[in-house]
Protein chains: 2
Amino acid sequence: MRARVLVKPKAGILDPQGQAVQRALPALGFTGVTDVHVGRMIELDVQDPARLPEICERLLTNPLIEDYEIVSADPPAPTTASA
Amino acid sequence: MRARVLVKPKAGILDPQGQAVQRALPALGFTGVTDVHVGRMIELDVQDPARLPEICERLLTNPLIEDYEIVSADPPAPTTASA
């Protein structure tokens, strides 16, 4: 399984990168962008997806200050036309 | 629109963070994980999604060495039961 782990700061945790992006946007002429958060994405091929939460909590994230979400990055299965 | 921008190193570009994760996993007892890449995730509320590609190319990514993907992070619309 090709998986993506999306990691972002928990609500209430300081996010200086997000603040920096949000402040830079109006200076470049982009208005109407709010609530910016910067996190990480880890893509990996994993044989046993059941171990992914443990991998996330032990290596990929800091569970004290970060939330994560696991999403599949497998390409959609090709649809087979029935004869 | 709540959007997520997923950024990762282009194929062929050195990814030392991905290599570090991949090498650390077997030492922690996690086998069967390959092809690890570490990138960034930026979450934002944007009024005009049509401007997102320009925002990505001018501020959020380095198009020379990074690929990006824009995905919606809107919650699915609630289904309304018909009376």
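When B:Val36, B:Val38, B:Thr34, B:Val33 are compared by the number of non-hydrogen pairs under 4.5 Å with chain A, B:Thr34 comes out ahead. Ranked by heavy-atom pairs shorter than 4.5 Å toward chain B, the options A:Arg51, A:Met41, A:Glu54 are led by A:Met41.
Inspection of non-hydrogen atoms places B:Ile42, B:Glu43, B:Leu44, B:Asp45, B:Val46, B:Gln47 of residues 42-50 of chain B under 4.5 Å from chain A. Applying a 4.5 Å heavy-atom cutoff, the residues of residues 56-72 of chain A that approach chain B are A:Arg58, A:Leu59, A:Leu60, A:Glu69. Residues of residues 18-31 of chain A that come closer than 4.5 Å to chain B, counting heavy atoms only, are A:Val21, A:Ala24, A:Leu25, A:Leu28, A:Gly29, A:Phe30, ordered by residue number. Heavy-atom neighbours of chain B within the stretch residues 1-10 of chain A, taken at a separation under 4.5 angstrom, comprise A:Arg2, A:Arg4, A:Leu6, A:Val7, A:Lys8.
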